[in-house]
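Counting starts at 1 for both ligands and their atoms, in listed order. Computation of the quantities below employed the complete heavy-atom set of this structure, encompassing side-chain atoms and omitting hydrogens, waters and symmetry-equivalent molecules. Numbers here simply count residues along the sequence, with the first being 1.
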Amino acid sequence: MTKFQTKNLFAEETVEPPCRHIIRVAFASAVDTEFDYGVPDEIWPIQIGQRVEVPFGRKNKLQIGFCVDVVVRRPDTSTALSSVRSDKGRKFKLKTVISVIDKEPLLNAELMDLARWISGYYVCPLGQVLAAMVPAAVKKGAGVKTLQYVYLTIDAAEAENKIDELRGKKQKHIIKQLLERQALDPDSAVELQGVVDVVGCGREPLKRLAEKQLLKIAHKTILKSLPVIPEGISAKPEGHILLNEDQRKALESIKAQIDSDKFGVTLLYGVTDSGKTELYIRAIKKVLQNGKSAIVLLPEIALTAQTVQRFNERFEKIAVMHSGLTAAQRNVQWQKIKSGEAQVVIGARSAVFAPLANLGLIVIDEEHEPSYKQDTAPRYNGRDVAIKRAQLANAHCILGSATPSLEMLTNCQSKRHFTLLNLPRRVMNLPMPQMRLVDLRQGDITQKGMNLISEPLARQLTETIAKKEQAILLLNRRGYSNFVFCPSCKHTLHCRNCDVTLTFHKSKAPRYKRMRTVTGEHMNYGYAICHYCLAQTLVPEKCPLCGKGFAMIGLGSQRLEEELARKFPDARISRIDSDSMASKNYYRLLQDFGEGRIDVLAGTQILAKGLHFPNVTLVGIISADTCLYLPDFRANERTFQLISQVAGRAGRSAKKGTVFVQTFLANQPAIRFAVAGDFDGFVREELKHRKACNLPPFWRLAVVGLRDTDFDKLDAACKQMRYKIDRIIEREALEVTVRGPMPAVISRIQRFHRMQIIIQAPEATTIQRLFSRLRAEPPIRPAVKVAIDIDPINLL
Ligand code: ADP
Ligand code: ZN
């Protein structure tokens, strides 16, 4: 639970008379404190979860915050309740609330509890958590139209009489109109615009009638109707699917859990195409039958037309939330959920906060996905928050994955609420694709020069294209090359702001062609871009240090596309990644591929996720090593997941699929096990290693990241932070290992130097204790930016 600290900014004056009601307000600022305000009787009541406007700070600037607690002052005392602490026991004047913003609370009691838990667990100010839980579009009221309505405030007979008394012709006409339309009370009010159009008048006569109290003008807000189901690939109606034996058993177990109305988690471990999604749909049907609602979380990338359509076809009252929506669409969807009009929500990470009442089930597909972790405050993991929310709501939770996270697998063994279910076969008994390892160290396989496609893969590709089947090639790197490098003087282009090399992107825009800088140098046909801060520069044709030509080395999906075009001039090739995906072209490209107008689709990991194309029989992983080089303890796990996921794209029909895995590290266990399709073997091996190093899932991790543009200042702050942490550990006798301060792997981003202190503890509660103490301490000096990451997804 959050530790409340109450401050009041004006301690001098005495209240006269004191407000009877006091609320506690949390702001979306980094200040980890909540503030108390008095509520004038005129605007009482205020409920928890509503936003209010209040004066804040020394200058009393108006600010908006969430009401997070309500206390009533006892009439017999003029002092506040014990929970409101006055400064040094003196009487003080509370500032008062100016206005209430929301008609109804934006968050219900259950979501408020969830917010408090997140604030405590992820060490984040409550106000920031609340701000993150309600979409900005909702707070702004995007897509809301205000319409004016009119109705008579007198009865029909009286109105008839008034018509004769009135002088203005227009006014008479208006009353007649309203009588005709039977607009005699607020419920039967008619749209003002309609009346104005028929009468042919301005607003003036209406205003005058309102002044005479003959009619009233009312405002109503309505939501624009904005459909969100993406157009594009239209899913074919699935017809009636008969579950197979494994699916039936799994569904039985899940249904029993749902009917128990108790909290529980099912980890559904099933290979790609084993029919997990079908089970989610059946489980949701069951929940709806029981009169409850459900949330489905998908990684953003999987929220393509394909998946959304599939759910949309099976459920009527569905709302969709993902980053592709406009602000107005987002608000409309949210309001649909809030009003109960939608009972199934499908969305990305933040949909876990969907304001559904009566929640019965949360499904988290691809539970192992790192994208469920938010990388700005609050740094929550959508999966873990979903489990917590299910617990608070006594709901069931289904986690699905073909490669479950080690954390959840371990939970299934050690925690009472967790059940592991297995779907070991593909539906319709489709065979698993054949996996082929291409060891790139054996030089004769690759030809000389920069070839991304090995000889065996090239042969298979030719065959696939000849058979009119399709292929997916994956290269987990955007751009053309990840180094711009001078071979003669070894000068490499680095980002000015970050400690990384720049990636060269070829440009199709002719304006870059042979451009000259002010100094008259020729430029290369493209630009170098930093993938961290997005800074771009043109690349000179010649190295500025030695005057020789630059070379672009390393791998990139653009280079792959070029090599494909050279080697397979007759094939229809397209590239898909976030660079070529700036627009809706993404859906069109997938549709073209789905309908066979593209032979080979090359791209980054966006291709690995959840797409279903029956005619794909070949998948090539150009470099299985890209993740392994990351200096992170989850590198093996990511590599295994990537290979298995991409492999899952091959052979999703009766045609047999083949997967080529190209690697320089053929002996790496992650690659060996993935090629053998041996998940259990991989898990055993990896767990041994994690255990030996006190890493998750055995121990818990937290990272305190500190950053500043001034290195000396940062260094001093880091030392102080370490000192504080050490003192708390000593005082509380906590079992914790602390490492650092040390530079982060990418030691500078956007001009900020980055240091980290890594904390390991055998129990989550130990980490919680440590941080709740640290939170209560005064901030470190010199002040630098501090980010606390609990259960970090990587250590970069
Ligand atoms: P997963 O989510 O595990 O990848 P899906 O549920 O998407 O698997 O199933 C893959 C495909 O097989 C879908 O097109 C689905 O409609 C179909 N399918 C699922 N279960 C069955 C079944 N028992 N019999 C036939 N087809 C099925
Ligand atoms: Zn940069």
Side-chain angles (χ1 to χ4, degrees), residues 232-255 266-286 294-299 301-315 344 346 361-369 383 397-405 408 420-433 472 590 593-595 605 607-617 619 641-657 659 677 679:
I233 303 156
S234 46
K236 288 164 195 73
E238 282 173 297
H240 190 68
I241 291 176
L242 209 59
L243 296 186
N244 63 32
E245 190 59 27
D246 296 324
Q247 282 174 311
R248 258 193 325 133
K249 273 198 207 136
L251 187 61
E252 239 165 63
S253 158
I254 291 169
K255 278 186 171 169
T266 296
L267 177 57
L268 191 58
Y269 160 38
V271 295
T272 329
D273 252 349
S274 57
K276 295 187 291 296
T277 310
E278 187 57 36
L279 286 192
Y280 305 155
I281 291 172
R282 308 269 175 128
I284 297 168
K285 294 228 161 185
K286 175 74 191 159
I295 298 176
V296 183
L297 298 186
L298 300 171
I301 243 164
L303 275 167
T304 54
Q306 262 183 336
T307 330
V308 175
Q309 283 273 16
R310 206 164 147 197
F311 279 85
N312 191 41
E313 258 167 36
R314 306 281 282 270
F315 299 103
V344 180
I346 168 166
L361 175 70
I362 309 184
V363 174
I364 300 113
D365 192 28
E366 314 281 4
E367 111 350 86
H368 62 275
E369 267 291 314
R383 173 197 62 203
C397 205
I398 303 177
L399 312 176
S401 176
T403 51
S405 61
M408 294 304 126
L420 178 66
L421 297 177
N422 194 350
L423 297 179
R425 278 170 287 272
R426 283 181 153 188
V427 289
M428 320 287 289
N429 280 322
L430 292 179
M432 291 304 284
I472 287 177
L590 288 183
F593 191 57
E595 291 170 8
Q605 81 238 43
L607 283 175
K609 311 288 158 71
L611 299 173
H612 181 80
F613 297 111
N615 198 32
V616 172
T617 55
V619 168
Q641 287 163 354
L642 181 75
I643 296 175
S644 324
Q645 288 237 327
V646 189
R649 302 303 120 215
R652 298 190 71 154
S653 68
K655 293 173 197 157
K656 201 158 167 48
V659 178
F679 183 61

Those atoms of ligand 1 less than 4.0 Å from some heavy atom in V271: 3 (O)

Reference residue Y269; test side-chain contact (heavy atoms from CB on, under 4.5 Å); the match among N422, L421, L399: N422

Worked verdict on E245 versus R248 for salt bridge (charged side-chain N to carboxylate O under 4.0 Å, His left out): CA-CA 5 Å; E245 190 59 27; R248 258 193 325 133; 2.4 Å; yes

Proximity of T277 to ligand 1 by residue part, where a heavy atom lies under 4.0 Å: both

Between S405 and E367, a side-chain donor and acceptor under 3.5 Å: yes

Min N/O separation G275 to ligand 1 under 3.5 Å: yes

Those residues that, when tested against S644, pass side chain to side chain contact (heavy atoms under 4.5 Å, CB included) (two or more places apart): T403, F640

E278/R314 ion pair, N-O < 4.0 Å: yes

Atoms in ligand 1 with a heavy atom of L243 nearer than 4.0 Å: 23 (N)

L279 touching ligand 1 at heavy-atom level, < 4.0 angstrom: no

Ligand 1 atoms in contact with N244 (distance to a heavy atom under 4.0 Å): 23 (N)

Gap separating the CD1 atom of I364 from the CE atom of M408, nearest 0.5 angstrom: 9.0 Å

Subset of ligand 1 atoms that lie under 4.0 Å from at least one heavy atom of L242: 22 (C), 23 (N), 24 (N)

Test item, R310 contacting ligand 1 (heavy atom, 4.0 angstrom): yes

Approximate separation, where rounding is to 0.5 Å, of L279 CG and I398 CD1: 7.5 Å

Residue I241 vicinity, atoms of ligand 1 by number, heavy atom under 4.0 Å: 16 (O), 20 (N), 21 (C), 22 (C), 23 (N), 24 (N), 25 (C), 27 (C)

Residue-ligand contact S274/ligand 1, heavy atom below 4.0 Å: yes

